[in-house]
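Read through the structure below, which is laid out as structure tokens, and then see the notes.
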Protein chains: 2
Amino acid sequence: MAERNNNEGEELAVLDEEQASHMAELFQALGEASRIKIISALTSGPKNVGALAAETGFSESSVSHHLRGLRLLRLVRAEKQGRRVFYRIDDHHVLEIFRCGLDHVTHS
Amino acid sequence: MAERNNNEGEELAVLDEEQASHMAELFQALGEASRIKIISALTSGPKNVGALAAETGFSESSVSHHLRGLRLLRLVRAEKQGRRVFYRIDDHHVLEIFRCGLDHVTHS
DNA sequence: TTAATGTATGAAGCTATATTCATATGTTCA
DNA sequence: TGAACATATGAATATAGCTTCATACATTAA
């Protein structure tokens with residue numbers, strides 16, 4: 001076996017495959033400038049797809065694709081209002097991580 | 001102009017291209033299970049390439065490639081000791097973000 | 001110096017993903 | 001009902017990235 005995930009008291013082991021994958025998924029969702037901009041736009045409140053597209057400069061299709069991924073990961077939540085769909089950041093962890101990343105970038 | 005990066009007092013604008021790219025770079029570096037495992041292994045102290053390869057189950061070449069990227073982004077720091085090179089997490093922000101992500105994954 | 005060890009790196013192949021285009025679904029208004 | 005609007009989605013193309021392999025570089029030991 002190539003990996004050692006046992007917790008047999010020796011020392012803190014490397015994360016197992018599932019934990020590592022989940023964490024990677026989370027960070028990967030934030031690991032692209034397009035999505036960073038979208039999430040950044042959402043930090044000031046819920047917005048619909050068209051507004052996000054206009055604000056970020058991406059096509060509505062592209063924004064919608066990204067939002068789908070973020071939705072599946074539960075980083076954003078969708079709420080339908082008429083023919084519009086408003087998205088908001090779903091998890092306070094997400095905002096925390098986002099701000100932490102912003103800190104890292106601005107204070108360096 | 002497709003984007004609005006002006007801070008003319010209206011409301012907090014979307015991050016500019018450079019900020020967004022830097023944040024994305026940071027998160028992308030954490031956005032892969034291999035690197036998450038490597039960084040996880042480094043949370044318990046400095047380790048050399050061979051040790052990291054053994055602990056994570058990846059080839060030394062692969063680990064070295066990953067470390068190069070992490071090094072260039074200043075997420076880890078290298079220190080040569082004889083013919084070994086020990087790596088450590090370079091920035092407390094990195095550890096913060098890592099733990100935040102771990103929280104997000106474990107408490108959900 | 002030669003051999004062995006530890007790490008770094010370029011190239012190649014393969015997989016993953018982002019954006020666009022076309023189209024589908026659903027909603028409001030006339 | 002039909003037309004315009006808002007969003008979603010599948011397919012396709014293009015680009016990026018990961019792992020492996022081969023090899024180079026650096027250090028230590030003999």
Side-chain angles (χ1 to χ4, degrees), chain A residues 2-3 14 17 20-42 46-88, chain B residues 2-3 14 17 20-42 46-88:
Chain A
E3 299 174 32
V14 177
E17 192 61 46
S21 294
H22 280 159
M23 284 187 67
E25 258 182 355
L26 166 66
F27 287 125
Q28 193 182 27
L30 301 171
E32 220 241 344
S34 323
R35 286 188 293 269
I36 285 289
K37 285 185 185 174
I38 291 172
I39 291 173
S40 166
L42 289 178
K47 304 210 171 121
N48 69 321
V49 177
L52 288 169
E55 197 168 339
T56 60
F58 300 113
S59 72
E60 295 177 348
S61 176
S62 183
V63 169
S64 183
H65 275 295
H66 283 305
L67 288 171
R68 183 174 195 275
L70 295 172
R71 215 173 54 220
L72 292 176
L73 286 174
R74 311 224 171 210
L75 302 193
V76 302
R77 188 161 34 123
E79 187 181 337
K80 200 162 193 173
Q81 287 183 15
R83 49 186 158 182
R84 299 185 183 175
V85 179
F86 284 82
Y87 283 85
R88 73 181 65 208
Chain B
E3 299 173 30
V14 177
E17 192 60 46
S21 294
H22 280 160
M23 284 186 67
E25 260 181 355
L26 166 67
F27 287 124
Q28 193 182 28
L30 301 170
E32 220 242 344
S34 322
R35 285 189 293 271
I36 285 288
K37 285 185 185 173
I38 290 172
I39 292 173
S40 166
L42 289 177
K47 303 206 173 127
N48 69 320
V49 177
L52 287 170
E55 196 168 342
T56 59
F58 301 111
S59 72
E60 296 178 347
S61 177
S62 182
V63 169
S64 182
H65 275 294
H66 284 304
L67 288 171
R68 183 174 196 275
L70 295 172
R71 215 172 54 220
L72 292 177
L73 287 174
R74 311 223 170 212
L75 302 193
V76 303
R77 189 161 34 123
E79 188 181 339
K80 202 161 190 173
Q81 286 184 16
R83 48 186 158 183
R84 298 186 184 174
V85 179
F86 284 82
Y87 284 85
R88 74 181 65 207

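In what follows, chains are A, B, ... by sequence order, proteins preceding strands, each numbered from 1.
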Closest heavy-atom contact between [X] and [Y]?
X: A:G50; Y: A:E60; value: CA-OE2, 3.7 Å
X: A:A29; Y: A:L75; value: CB-CD1, 3.6 Å
X: A:L52; Y: A:T56; value: O-OG1, 2.7 Å
X: A:A78; Y: A:R71; value: CB-CD, 3.9 Å

**OP:** Would you classify B:Q81 as touching base, sugar-phosphate or nothing, given that sugar-phosphate means primed atoms plus P, OP1 and OP2, and contacts are heavy atoms under 4.0 Å?
**Re:** nothing
**OP:** Describe the nucleic acid contact of A:Y87 in one word from base, sugar-phosphate, nothing, applying a heavy-atom distance below 4.0 Å.
**Re:** sugar-phosphate
Rounded to the Å, how far apart are [X] [atom1] and [N] [atom2]?
X: B:I38; N: D:dC18; atom1: CD1; atom2: C1'; value: 11 Å
X: B:F58; N: C:dT7; atom1: CZ; atom2: P; value: 17 Å
X: B:E79; N: C:dT7; atom1: CD; atom2: P; value: 13 Å
X: A:E32; N: D:dG17; atom1: CD; atom2: C1'; value: 13 Å
X: A:E60; N: C:dT25; atom1: CD; atom2: P; value: 19 Å
X: B:K80; N: D:dT28; atom1: NZ; atom2: C1'; value: 12 Å
X: A:F86; N: C:dT27; atom1: CZ; atom2: C1'; value: 14 Å
X: A:Q28; N: C:dT17; atom1: CD; atom2: C1'; value: 8 Å

Original post:
Can you find a heavy atom in the side chain of B:L30 that is under 4.5 Å from one in the side chain of B:R35?
Top reply: no
Original post:
With a 4.5 Å heavy-atom cut-off, do A:H66 and A:F58 have their side chains touching?
Top reply: no
Subject >> Salt bridge present between A:K37 and B:E17 (N-O < 4.0 angstrom) >> reply: yes
Taking 4.0 Å as the cut-off, does a side-chain nitrogen or oxygen of [X] come that near to OP1 or OP2 on [N]?
X: B:R35; N: D:dC18; answer: yes
X: A:R84; N: C:dT28; answer: no
X: B:N48; N: C:dG6; answer: no

Original post:
Nearest of D:dT27, C:dG26, D:dA8 to any side-chain atom of A:R83?
Top reply: C:dG26
Original post:
Between residues 62-74 of chain A and DNA chain C, which residues have a heavy-atom gap below 4.0 Å?
Top reply: A:S62, A:H65, A:H66
**OP:** Mark yes or no for a side-chain to base donor-acceptor pair under 3.5 Å between A:S61 and D:dT9, with no hydrogen or angle criteria applied.
**Re:** yes
